[in-house]
Amino acid sequence: MTPKLRRFLDEVRPSTPCLVVDLDVVEANYRALATALDGVEIFYAIKANPAPEILTRLVALGSSFDAASVPEIEQVLAAGAGPARISYGSTIKKEADIARAFELGVRLFAFDSEAELSKIARAAPGARVFCRILTNGEGADWPLSRKFGCTPKMAKDLLARAATLDVVPWGVSFHVGSQQKNPKAWDSALAEAASLFRELEAIGVELGMVNLGGGFPTPYRSDVPEIGAYAHEIMEAVRRHFGNRLPFLIAEPGRGLVGNAGVIQTEVVLIAEKGDADGRRWVYLDIGKFGGLAETMDEAIQYPIHSHRKGAPVPVILAGPTCDSADVLYERAPYTLPADLAIGDRLEIEATGAYTTTYSTVGFNGFEPLRSYYI
Ligand SMILES: Cc1ncc(COP(=O)(O)O)c(C=O)c1O
């Protein structure tokens with residue numbers, strides 16, 4: 001945790017649960033990524049954390065933006081980004097929303113199916129389009145599965161079809177899975193993208209852009225490779241597969257820009273034992289899966305959790321406060337907390353700047369959405 005976050009929590013003592021984000025960490029992450037991926041245009045994936053303070057800071061730094069919906073487009077326009085810096089990156093859009101984005105000036109759209117391509121051609125004439133290809137998500141803690149993308153063979157047919165419609169076939173995108181811990185994970189998708197460039201060129205369709213997606217990790221309980229290692233592997237792979245005809249490159253980092261910038265402070269509501277053979281204590285917090293920690297689903301994302309107490313570490317099961325049995329954070333993952341932990345203690349859940357505030361429910365069990373501060 002940065003000294004700025006520590007000072008804020010100690011001096012303000014905000015009521016819990018709450019997220020506090022250090023905007024200077026967001027800025028440092030942006031600068032590190034932009035420097036490492038020199039020449040790659042950064043489109044911040046707004047969905048990771050759409051707070052106006054984050055968007056405004058990134059606009060000032062020269063970032064572009066990946067939006068998943070019209071409200072996200074409106075939020076980033078309100079933060080001062082011009083529409084030329086926005087990509088409508090969802091592959092699942094209502095035609096009316098495509099039309100609205102077009103009206104707002106957006107000219108870059110994703111698709112991965114024939115029907116979506118047709119919608120874009122009707123509602124956003126003349127726009128640039130890129131086709132998302134499937135990846136297997138291997139190596140990622142939060143893989144994005146088969147829901148998005150199509151096979152490279154289908155991408156070829158769709159991009160060729162795009163050339164016959166009133167849109168510009170502009171490139172290929174993919175996402176190697178969120179919290180991707182293998183810097184080499186981009187290699188096979190880049191090989192497929194390069195093949196698509198060549199095959200389409202052979203039939204007279206010239207593509208220009210490769211969208212590297214997101215996937216850049218944030219350190220949680222275990223270390224992750226440095227951003228420089230990702231940049232090195234990606235740029236090597238781009239050169240290997242594209243030779244000296246390098247495409248225009250963009251990336252859509254979300255978690256990697258904001259994850260480690262935030263800390264959630266939570267209060268221990270109850271410590272209980274079950275009298276069963278397991279013997280571990282249950283520690284119930286005032287935040288759970290429905291308060292913003294949805295990425296603990298299947299215990300996929302394992303946040304570091306700290307107490308100020310010094311007692312010997314004892315194994316615990318961590319759960320949220322709602323009357324829903326799915327609201328357990330960690331039961332399989334080995335977590336420990338000090339033996340002298342007490343009801344009413346405050347704990348810090350680190351690296352929670354991404355995918356938390358917007359995941360919290362509007363009032364499940366009567367609990368308020370996650371409060372947040374940007375400092
Ligand atoms: C299209 C798209 N781009 C970028 C991202 C951001 O990914 P990450 O947070 O792993 O960087 C996502 C995440 O779901 C996405 O769907």
Side-chain angles (χ1 to χ4, degrees), residues 21 26 29-30 32-34 36-37 40-51 54-55 58 63-69 72-73 76 85-93 97 101 106 108-113 116 129-150 155 171-183 185-186 189 193 209-220 224-225 227 230-231 234 249-262 294-295 297 300-301 303 351-359:
V21 171
V26 177
N29 288 339
Y30 176 86
L33 192 67
L37 286 173
V40 177
E41 188 171 343
I42 306 292
F43 283 65
Y44 170 58
I46 301 169
K47 60 178 79 71
N49 189 326
I54 291 178
L55 299 182
L58 290 174
S63 183
S64 296
F65 297 88
D66 161 51
S69 64
E72 282 194 355
I73 291 169
V76 78
R85 285 162 68 181
I86 302 172
S87 164
Y88 197 166
S90 168
T91 51
I92 307 154
K93 307 177 282 299
D97 289 341
V106 176
L108 184 58
F109 295 83
F111 71 95
D112 62 5
S113 65
E116 189 74 10
V129 294
F130 56 92
C131 187
R132 181 160 170 178
I133 55 174
L134 281 162
T135 61
N136 61 20
E138 244 168 57
D141 283 350
W142 194 260
L144 295 170
S145 85
R146 291 178 43 74
K147 180 172 172 186
F148 312 102
C150 61
V172 176
S173 76
F174 53 82
H175 195 303
V176 295
S178 200
Q179 188 67 5
Q180 175 55 258
K181 298 204 292 235
N182 178 7
W186 279 256
M209 183 274 285
V210 173
N211 179 342
L212 304 163
F216 304 97
T218 214
Y220 292 112
V224 291
I227 187 61
Y230 287 82
I234 289 171
L249 293 168
I250 74 176
E252 298 174 343
R255 187 187 305 280
L257 290 191
V258 295
N260 67 340
E295 287 199 322
M297 206 185 302
I301 298 296
Y303 300 106
T352 37
Y355 304 115
T356 49
T357 50
T358 47
Y359 263 140

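Order of listing sets the numbers, starting from 1, for every ligand and every atom in it.
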Please determine whether a side-chain nitrogen of the Lys or Arg among E295 and R255 lies less than 4.0 Å from a carboxylate oxygen of the Asp or Glu.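 Salt bridge present between E295 and R255.
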If we only count N/O pairs under 3.5 Å, is S178 in contact with ligand 1?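 Yes: some nitrogen or oxygen of S178 is under 3.5 Å from one in ligand 1.
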Look only at interatomic distance and state if G177 has a nitrogen or oxygen under 3.5 Å from any nitrogen or oxygen of ligand 1.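 The answer is no, given that G177 and ligand 1 share no N or O pair closer than 3.5 Å.
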How does [X] reach ligand 1, if at all, at less than 4.0 Å between non-hydrogen atoms: by side chain, backbone, both, or neither?
X	answer
K147	neither
W142	neither
K47	side chain

Both conditions, 6.0 Å and 45 degrees, for the charged tip of K93 above the ring of F109: are they met here?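 No, K93 and F109 do not form such a contact.
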Name the closest protein heavy atom to [atom], giving the residue it belongs to and the distance to 0.1 Å.
atom	answer
atom 4 (C) of ligand 1	E252 O, 3.2 Å
atom 11 (O) of ligand 1	G254 N, 2.8 Å
atom 7 (O) of ligand 1	H175 NE2, 2.9 Å

Option with minimal heavy-atom separation from atom 9 (O) of ligand 1, where the choices are F148, Y355, F216: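 Ranked by closest heavy atom to atom 9 (O) of ligand 1, first place is Y355.
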Proximal atoms of ligand 1 relative to [X] (non-hydrogen, under 4.0 Å):
X	result
R255	8 (P), 9 (O), 11 (O)
A45	4 (C), 5 (C), 6 (C)
P253	11 (O)
R132	1 (C)

Gap between atom [atom2] of [Y] and atom [atom1] of [X] - 0.5 Å precision:
X	Y	atom1	atom2	result
Y44	L33	OH	CG	12.5 Å
I42	S64	CD1	OG	9.0 Å
M209	I250	CE	CD1	4.5 Å
N49	Y359	CG	OH	12.5 Å

What do the steps show when you test R85 against F43 for side chain to side chain contact (heavy atoms under 4.5 Å, CB included), and what is the final call? CA-CA 8 Å; R85 285 162 68 181; F43 283 65; over 6 Å; no
Taking the non-hydrogen atoms of G215, is any one of them nearer than 4.0 angstrom to ligand 1?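 G215 counts as a contact of ligand 1 under the 4.0 Å cut-off.
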Angle class for the W186/Y230 ring planes (parallel below 30°, perpendicular above 60°, tilted otherwise)?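 The rings of W186 and Y230 stand perpendicular, inter-plane angle above 60°.
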Going by heavy atoms in the side chains, are C131 and C150 under 4.5 Å from each other?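 Result yes, sub-4.5 Å side-chain heavy-atom pair found.
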